[in-house]
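Contents: one structure, followed by commentary.
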Protein chains: 2
Amino acid sequence: MSYDPISRVRRFNRAVTAEVGALDTSFLGRGRPLGAARVLNAIGQGQADVAAIRDYLGLDSGLMSRLLRSLEEEGLIATIPNPQDARRRIAKLTETGRSEFEAYEALSNAQAKAFLSRNSQPEELLRAMDIVASSLRRDHIVLEERDPRHPDARYCLSEYYAELARRFEKGFDVSLSRDPDAREMIRPRGVFLVAILDAMPIGCVGLKGSGGDVAEIKRLWVAPSSRGLGLAKRLMAAAEIAARELSIEVLRLDTNSALTEAEQLYRRAGWIEIDRFNDDPYPDTFFEKRL
Amino acid sequence: MSYDPISRVRRFNRAVTAEVGALDTSFLGRGRPLGAARVLNAIGQGQADVAAIRDYLGLDSGLMSRLLRSLEEEGLIATIPNPQDARRRIAKLTETGRSEFEAYEALSNAQAKAFLSRNSQPEELLRAMDIVASSLRRDHIVLEERDPRHPDARYCLSEYYAELARRFEKGFDVSLSRDPDAREMIRPRGVFLVAILDAMPIGCVGLKGSGGDVAEIKRLWVAPSSRGLGLAKRLMAAAEIAARELSIEVLRLDTNSALTEAEQLYRRAGWIEIDRFNDDPYPDTFFEKRL
DNA sequence: ACATTTATCTGACTTAGGTCAGGTAAATGA
DNA sequence: TCATTTACCTGACCTAAGTCAGATAAATGT
């Protein structure tokens, strides 16, 4: 017996619509109408092109224009014509605008902190919130190339190692494994891809090349909160496309049979099991795919 | 290494504010302004007293009055003076109003269903949504007395039995345990309390009396989605209050040491371990509390 | 060179939502 | 009984948000 899924979804909707306004009221906390606050915050987050902001916030061009004027009158922003195209305008925060934006950020952070402190064990709640956020925003996941030493990449890798340590019977120690040199996962030899959702890294994959026409897939990882969304498949497909761009002809990878879901993914994507091709202590299964 | 909790909360807020409008647009789907739709739905859900609706939706009395007039003009509701107090008014759906309300319900159900069907394995997502909803609405949890044969009570009991079956090494079979007769958990002998959150049962406890001044606490259960909110403690406190009302002087309970968190709860609430007082095969630890 | 397209702005207008100061009629308390 | 309180209604007014039809000026295609 289980409670009706539709009721559960609707209950979530009710809870969220009833409470989320209270959860983050930072946009209303500084005596400015919501519209103006949203524009100010979009600019503060780095959006500069007026058309881009309008598009992002879904505003009519007339309304947008008026909101920009009101922020200008407050002395919070300045707009200048785009040097490449004088019809377009670029909006930037002034000094006062920047400190006003930071006040909004501080408000929002404080509210998030207060929310967390109302919960005695926030870790499980946070995990649940991650799952919901990933699922709701699944269509906004973007894959980006990153240097493997970039903080986003390093976050993914450390989570990946931690997971291997949990799942392998004998644990996992990076230093025992052939950790690919960062150089070999940067163009022109290879690439390192990170899946980003709302500025948070939630998955990665590395293509490790040696300059020849054979390359290896390494470090495929998807955050627990984002599993079941087909992200691993998407990362693998993107890595394959990158491999073709780099004129790779043969892809290889090694894996461990403890990672059952991975093996299934490879087989379905047309990978074929081959003999061991390295003496790394952790993998016990080896695959190849000709492009 | 773990991602900053504040960023995670803010990411959830962004995801939810961006998507939840799209998640349930049923209130906007029938060409009526949001305010009127909300009032119609409040009445459809059984709210009748005008003041109660106004309070529930947080509306100004002038606005409320106008919304009621517009719904009346549409022929969806009828208002009559309260027979006990002719100043107050009672709002009820007309025939057309009822079918309009049901159209909203159908829309909302269809959207929830569509949302579920977009997810390949919705069970984990639903679990996460339950956790978030329970936590956000924790202050709205109410404890209500229910007949143990009421569907809400039976839902809780079947979940409780299923959990015992999972957690006990040898499983759990209700028929082997001394299942208290429903009569003994109804006043004046005892009570059965269910914790309700937004119409969904999320916990229960039974007070089983025999007519004398000794009674037993049975069937204490909290839904996994609602743990960590202090609900078990609250249920126990409510059961104690009910026991005092029924002139019970000694409370007893049995538990199994596999349920570690329960034992701690009892000790902290002033219960004292005593000798075995029944020959039920499942419990191995026994407690008593004098009121 | 010139018609067309594009990005933004301006003015006129609409709707939803909400506030506030009375007004009416019923209920209540001294 | 009668002043006071209470529940709801009405009219006047306000703001935020959004729509729409041009206007303006820069860029673009032929």
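Each chain gets a letter, A, B and so on, in the order the sequences are listed, and its residues count up from 1.
- Of the two residues near DNA chain D, P83(A) and G58(A), the one whose nearest nucleotide lies more 5' is G58(A).
- A straight line from CE of M64(B) to C1' of dG17(C) spans 15 Å, rounded to a whole angstrom.
- The side chain of R88(A) contributes an N or O atom lying less than 4.0 Å from OP1 or OP2 of dA7(C).
- Among the atoms of the strands shown, only primed sugar atoms or phosphate atoms (P, OP1, OP2) are found under 4.0 Å from some heavy atom of R69(A).
- Evaluation of atom-type donor-acceptor distances gives a pair under 3.5 Å for the side chain of R66(A) against the base of dG11(C).
- One interatomic measurement links the two molecules: CZ of R38(A) to C1' of dA17(D), which rounds to 11 Å at whole-angstrom precision.
- For S135(A) (side chain) and I131(A) (main-chain N/O), no donor-acceptor pair under 3.5 Å exists by modelled atom type.
- Relative to the side chain of S65(B), the nucleotides dG18(D), dC9(D), dT19(C) differ in distance, and dC9(D) lies closest.
- Contact check, R89(A) against dC9(C): a side-chain N or O comes under 4.0 Å of OP1 or OP2.
- Remark: C1' of dA16(C) and CG of L34(A) are 15 Å apart, rounded to the nearest angstrom.
- Between R98(B) and E105(B) there is no salt bridge, since no side-chain N of the basic residue sits under 4.0 Å from a carboxylate O of the acidic one.
- Note: CZ (F27(B)) to C1' (dG17(C)) measures 16 Å, nearest angstrom.
- When rounded to the nearest whole Å, the span between CD1 of I53(B) and C1' of dA7(D) equals 14 Å.
- With E144(B) contributing its side chain and L193(B) its backbone, the two residues share no donor-acceptor pair below 3.5 Å.
- If you check dC20(D), dA26(C), dT8(C) against the side chain of D60(A), the one that comes closest is dC20(D).
- A donor N or O paired with an acceptor N or O is found under 3.5 Å between the base of dT6(C) and the side-chain atoms of R87(A).
- For the pair A51(B) and G35(A), both in contact range of DNA chain D, the more 5′-proximal nearest nucleotide belongs to A51(B).
- A straight line from CG of L59(A) to C1' of dA17(D) spans 10 Å, rounded to a whole angstrom.
- Residue contacts shown for R54(A) are limited to sugar-phosphate atoms, with no base heavy atom under 4.0 Å away.
- Within 4.0 Å (heavy atoms only), D85(B) reaches sugar-phosphate atoms of the nucleic acid but no base atom.
- Whole-Å rounding puts the L67(A) CG to dC9(C) C1' distance at 13 Å.
- A salt bridge links D130(A) with R11(B); the closest basic N to acidic carboxylate O contact falls under 4.0 Å.
- dT8(C) atom P lies 9 Å from atom CG of L68(A), rounded to whole Å.
- In this structure a side-chain-to-backbone donor-acceptor pair under 3.5 Å is missing from R32(B) to F27(B).
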